[in-house]
Amino acid sequence: MYSGGDFMFQVVPIFIGIIFVIVISFILFSAVKGVSQWSQNNQSPVLNVWAKVLGKRTAVKGGGESRAYSHYYITFEVESGDRMELKVKDSDYGMLVEGDEGNCPSRARVTLVSSVVI
């Protein structure tokens with residue numbers, strides 16, 4: 001069989017190496033996904049449509065033992081009757097209320113609410 005600690009000295013470095021590769025792969029995948037989404041949003045045309053604010057919501061992630069992050073979303077209804085929920089900055093979230101109407105410039109999944117004309 002195995003004498004002493006030889007088995008541990010052979011298996012543990014391989015196990016640590018596998019974990020290291022998995023963590024680095026996850027980090028690289030997340031970075032590539034973020035950059036591709038950012039690139040897609042920047043290449044999309046800016047659409048200026050008349051919209052009405054139908055609803056607002058927040059989503060809190062984390063908390064407990066870690067820091068909590070708040071994400072803010074606003075649902076707009078455009079002239080055609082279509083609805084779109086877009087993620088907005090906290091300052092923009094506070095400036096709009098349900099029922100507001102105006103020109104809503106947006107690009108792909110991002111709204112440019114700081115320039116909404118109400």
Side-chain angles (χ1 to χ4, degrees):
M1 274 314 264
Y2 300 104
S3 60
D6 290 342
F7 176 73
M8 291 303 287
F9 285 114
Q10 293 175 359
V11 173
V12 171
I14 294 171
F15 180 74
I16 290 173
I18 291 171
I19 297 297
F20 179 76
V21 168
I22 290 172
V23 169
I24 295 300
S25 299
F26 179 75
I27 291 170
L28 289 175
F29 174 77
S30 297
V32 168
K33 184 177 176 185
V35 168
S36 67
Q37 181 67 48
W38 174 81
S39 176
Q40 179 184 3
N41 286 342
N42 284 341
Q43 291 176 359
S44 298
V46 175
L47 303 174
N48 287 308
V49 294
W50 190 260
K52 179 178 181 179
V53 177
L54 289 185
K56 297 166 60 172
R57 74 176 181 94
T58 59
V60 180
K61 307 281 185 186
E65 298 283 329
S66 64
R67 181 174 179 217
Y69 295 93
S70 296
H71 300 280
Y72 301 94
Y73 300 90
I74 296 180
T75 302
F76 294 97
E77 182 175 37
V78 295
E79 291 175 306
S80 65
D82 293 334
R83 295 179 180 187
M84 57 184 174
E85 182 178 67
L86 301 172
K87 189 173 181 179
V88 297
K89 298 177 187 173
D90 58 346
S91 57
D92 295 332
Y93 183 85
M95 296 297 290
L96 295 173
V97 295
E98 292 182 21
D100 281 351
E101 294 184 23
N103 188 29
C104 178
S106 65
R107 175 182 281 164
R109 297 183 183 179
V110 179
T111 183
L112 310 172
V113 173
S114 58
S115 57
V116 168
V117 179
I118 303 296

Check whether [X] and [Y] end up in the same hydrophobic cluster, where Ile, Leu, Val, Met, Phe, Trp and Tyr are linked by side-chain heavy atoms less than 4.5 Å apart.
X	Y	answer
Val11	Ile16	yes
Ile74	Val78	yes
Tyr72	Met84	yes

> Quick one: are Glu101 and Trp50 in side-chain contact, heavy atoms under 4.5 Å?
Replying inline: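 Touching, per the 4.5 Å side-chain cut-off.
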> How about Val53 and Phe76: do any of their side-chain heavy atoms sit closer than 4.5 Å?
Replying inline: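 Contact flag for Val53/Phe76 side chains = yes.
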> Distance from Lys61 atom NZ to Tyr69 atom OH, nearest 0.5 Å?
Replying inline: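 Nearest 0.5 Å value for the NZ-OH distance: 13.0 Å.
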Acceptor/donor pairs from residues 19-31 side chains to any protein atom, 3.5 angstrom cut, sequence neighbours excluded:
from, atom 1, to, atom 2, distance (Å)
Ser25, OG, Val21, O, 2.7
Ser30, OG, Phe26, O, 3.1

Closest approach of [X] and [Y], non-hydrogen atoms and distance?
X	Y	value
Glu77	Gly81	OE2-O, 3.6 Å
Thr75	Glu85	OG1-OE2, 3.7 Å
Ser91	Met95	O-CG, 3.1 Å

> Between Lys56 (side chain) and Tyr93 (backbone), is there a donor-acceptor pair under 3.5 Å?
Replying inline: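 Side chain of Lys56 to backbone of Tyr93: a pair is present.
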>> For the residue pair Lys87 / His71, report whether a side-chain donor-acceptor contact shorter than 3.5 Å exists.
In response: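 Checked: His71/Lys87 side chains pair up, N/O donor to acceptor below 3.5 Å.
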